[in-house]
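Have a look at the structure below before the remarks.
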Amino acid sequence: MVDQPSQNLNTHSLYSFEQEDDEAYWSNDDNEDITPADDEIRLNWDDEGVDVGHSEGCEEVDYKDSEEEDRILSNCESDDREHGLLSDSEDEQSFHCSKSNPNEMIEISVGQEFDNVKHFRRVLENYVIKNGFDLNRIKNEKRRFRAKCSNEGCPWFIYAALVESGTKFRIQKLNNVHECNGVLESKEASYKWIASQFEGTLKNNPKMPVKGMKDELVSNLGIKASMKKMYRAKKRAMDKLNGNYANSYQRLRDYAQILKQSNPNTLVKMKFVPSFDQDRRPALKFQRFMLSFVALKNGFINGCRWFIGLDGCHLKGHFRGVLLSAVALDANNGIFPIAVCICESECADSWKWFLAILSEWLNIENQSRVTFMTYRQKGILLGLEAYWHGATVRHCARHIFANLRSNHPDIIYRNLFWTAARATSEKEWEDNMNKIKTAKKDTQAAYDYLIKIDKKQWARHAFPDDVKVDHVTNNLNESWNSWLNEYKDKPVLTLMEFIRKKVMKRLYKRHSNARKWIGKLPPTVRRKLNVSRQEGRYVRVLMASEYEFEVIDENNKTFIVNMQNKTCDCGVYQICGIPCKHIIPCIALRHEDAADYVDKKLTVEAYLATYANIIHPLPYQSTWAVVEGLKVLSPYVKTRVCRPKIVRKREPGEEQGKRKTKQKCSSCAIFGHNKRSYKRPIDSTQHPSGKPKFLFFFFFTFLYKKKEQPHKI
């Protein structure tokens, strides 16, 4: 019978306890980041909950911005093209182990004094390692120390003892002469000592391979060590830099407390499961942690369009887990995060929990105005149906096409599908769908698959007009997840601090840069308007009235423009909110400014409103107050037999990492796999080597009969 933990849990007023029953960038192409004013931010906090335990463990990192990151994380365009990972190159510097310098060699002599025996041992350890020999400790006590060289016949000898006053440790005897050849692999160079030598290097280059550490140890210090020792050294150094993964969960309560003090009303939600620690005492096992700031909430409501992208990415740390995120778009088409959540997995229960809190946090009266972009996960759809009544749901066209391509890999479907998905008028969409239906003899199945999906969820022409976002893919979430890629393997506290610091700096930087802009429109919107203005030079305009126009383009197609209703038959203006090439000449004939016809959510005023609040900084971790309560345990992790996978599984047709050439199986001569992963059909008459099976039958029969023959004497 399994023991159940006591239900008399200490409660605290700051936490809630629940028992278990398109291409997106961070700044514009002109490298113009924006930021907020000095308004106070208010962040909602939970009013009821449970206390949790405390422990150390979070890395202090200097987070700097890079121009490459600015280029990738802004100007969010909807496209099916694959985007690269976002690099956070923060003025990378190269640090190495300090090379042995004869002028800086450690010297010891008779009469030399040390603070205590530990100080003496530490200095002697460095001296022995740098001189390349091992010790044979005869006496190793608190009051005296006696050792000699481990090589037999070598006269090197040292004796040190505590002085009579008991305040210093002094070298009494020393024979500093070696008559041996030393050792190639010093036993004194423990993994702890090696870890201390590489702390600076790993802090700036945490992905440094173990083999590289071993080579640098040999080249710079002349010390050889086994691979096992190097792996232990790197693990110890990374634990010290990042904080222990398990202890990081114990500081989440202290982290939530300091967030409330520095940023009042911060939204922090936690969920724990009752459990026991190793001593069978009641404890809490971590399950979920959600964070959002009022600066983000107010920025979304006051300046962003009603468009939210939802997605989750797998964490690569020791305890794994998933990071759920909700992100929006600002007026310059840059990514604007709303909330993040660390949970156990991307399941229906975790999505419902996240979306329920998000709905209560944003408190939007008319939820039918909001549009969500998803990957068609069942958990997200169930959560939106339960807590976001009437909200519009879009599905990423890239994932719809991936499912279509799995059964219909012909290249003709790719072009027709994306043309249909990006069509801005119903007539253009119907024409491309008919082409899919009649492209080949077996294309009826592809057409039936697409027609079953509601066109409002993936076809651009059917999107609501009030959102003013024409994205057909969820690349804004992909870019956000890629931006976090460098810290997905960090402890949870380090990851959350990385997000907070980066977003805090972004808010201020973008607001300060936006105040320098000239004109009514952000750079991305202005650039699109200029493109429409250039294309509008080749169209003919016929005025029917003061507000109605008949526009004929270069292909002799006719479009009706109504300036009073702000509509065009092409559908581009209604969907994206920026005047198209048919409307620009009509505006010119009316002697008006095209910027006045851009949607209000795409102006500099809306952009400044988005970044008008700030996130206040936090003090150093050692000064955080400790909140008493039950100990928080790390989540349960099911250990797999094989090596854990770091690189995500690619979809069919997607580029497989850095491999330039395709694999070819030597058994079946088919590309896409090798001989090791070849799966032979059940009714196959061929051996995996490609040779007929009967040859192997006769060969093994001959060996068996030869083995049974008696040996001749």
Side-chain angles (χ1 to χ4, degrees), residues 22-24 76-81 305-312 324-329 346 348 351-352 354-355 358-359 364 366-408 413-414 416-437 445-478 571-572 574-577 651:
D22 293 45
E23 207 173 352
C76 186
E77 300 293 342
S78 177
D79 199 355
D80 60 309
R81 295 171 294 178
R305 289 159 283 178
W306 300 105
F307 183 82
I308 301 176
L310 299 175
D311 191 24
L324 308 181
S325 57
V327 299
L329 294 172
E346 198 173 1
W351 272 116
K352 286 182 178 180
F354 176 70
L355 292 173
L358 185 65
S359 176
I364 300 174
N366 186 9
Q367 294 183 344
S368 61
R369 297 184 299 170
V370 183
T371 297
F372 289 92
M373 175 64 79
T374 71
Y375 286 127
R376 300 183 71 188
Q377 298 102 318
K378 293 182 179 180
I380 296 181
L381 299 180
L382 293 174
L384 293 176
E385 183 180 356
Y387 302 104
W388 288 85
H389 307 290
T392 305
V393 179
R394 295 187 194 176
H395 299 322
C396 180
R398 188 173 66 86
H399 285 256
I400 295 177
F401 175 70
N403 295 334
L404 176 68
R405 182 173 52 188
S406 61
N407 297 323
H408 307 279
Y413 295 110
R414 174 188 176 93
L416 292 176
F417 170 81
W418 286 111
T419 305
R422 297 190 181 116
T424 56
S425 64
E426 187 173 3
K427 181 65 170 61
E428 185 181 358
W429 178 80
E430 290 177 352
D431 292 343
N432 285 279
M433 291 297 293
N434 290 331
K435 290 180 182 179
I436 294 177
K437 188 176 181 179
Y447 175 83
D448 293 341
Y449 168 75
L450 294 175
I451 210 67
K452 288 180 181 179
I453 305 174
D454 189 356
K455 60 183 179 181
K456 294 181 180 179
Q457 298 177 346
W458 66 279
R460 180 176 289 172
H461 80 280
F463 292 164
D465 297 343
D466 56 342
V467 180
K468 304 305 179 185
V469 177
D470 61 351
H471 285 213
V472 296
T473 64
N474 199 13
N475 279 351
L476 72 161
N477 279 93
E478 293 291 343
V572 174
Q574 296 92 295
I575 296 173
C576 66
E651 297 177 357

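In this text, all values refer to a predicted model and were calculated from it rather than measured experimentally.
- Between the NE2 atom in H395 and the CZ atom in F372 there is a gap of 13.0 Å [rounded to 0.5 Å].
- Side-chain contact check for V469 versus F463: every heavy-atom pair is 4.5 Å or farther apart.
- In this structure, the side chain of R394 engages the main chain of H471 through a donor-acceptor pair within 3.5 Å.
- Side-chain contact check for I400 versus Y449: some heavy-atom pair is nearer than 4.5 Å.
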For this session: Dump the intermediate steps for ring pair (Phe, Tyr, Trp, His ring centres under 6.0 Å) on W458 and F401, then the final yes or no.
Result: CA-CA 10 Å; W458 66 279; F401 175 70; over 10 Å; no
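- One distance of note links CD1 of I453 with CG of L404; it measures 8.5 Å at 0.5 Å rounding.
- Within the 4.5 Å cutoff, the side chain of I436 has no heavy atoms near those of the H408 side chain.
- Under the 4.5 Å side-chain criterion, counting only non-hydrogen atoms from C-beta, I380 is not in contact with Y375.
- Within the 4.5 Å cutoff, the side chain of W351 has heavy atoms near those of the L324 side chain.
- Contact between H461 and E426 at its shortest, heavy atoms only, is CD2-CA, 3.5 Å.
- R398 is not listed as a side-chain neighbour of N474, based on a closest heavy-atom distance of 4.5 Å or more.
- A pairwise comparison of heavy atoms in E346 and G312 identifies OE2-N, 3.6 Å as the closest pair.
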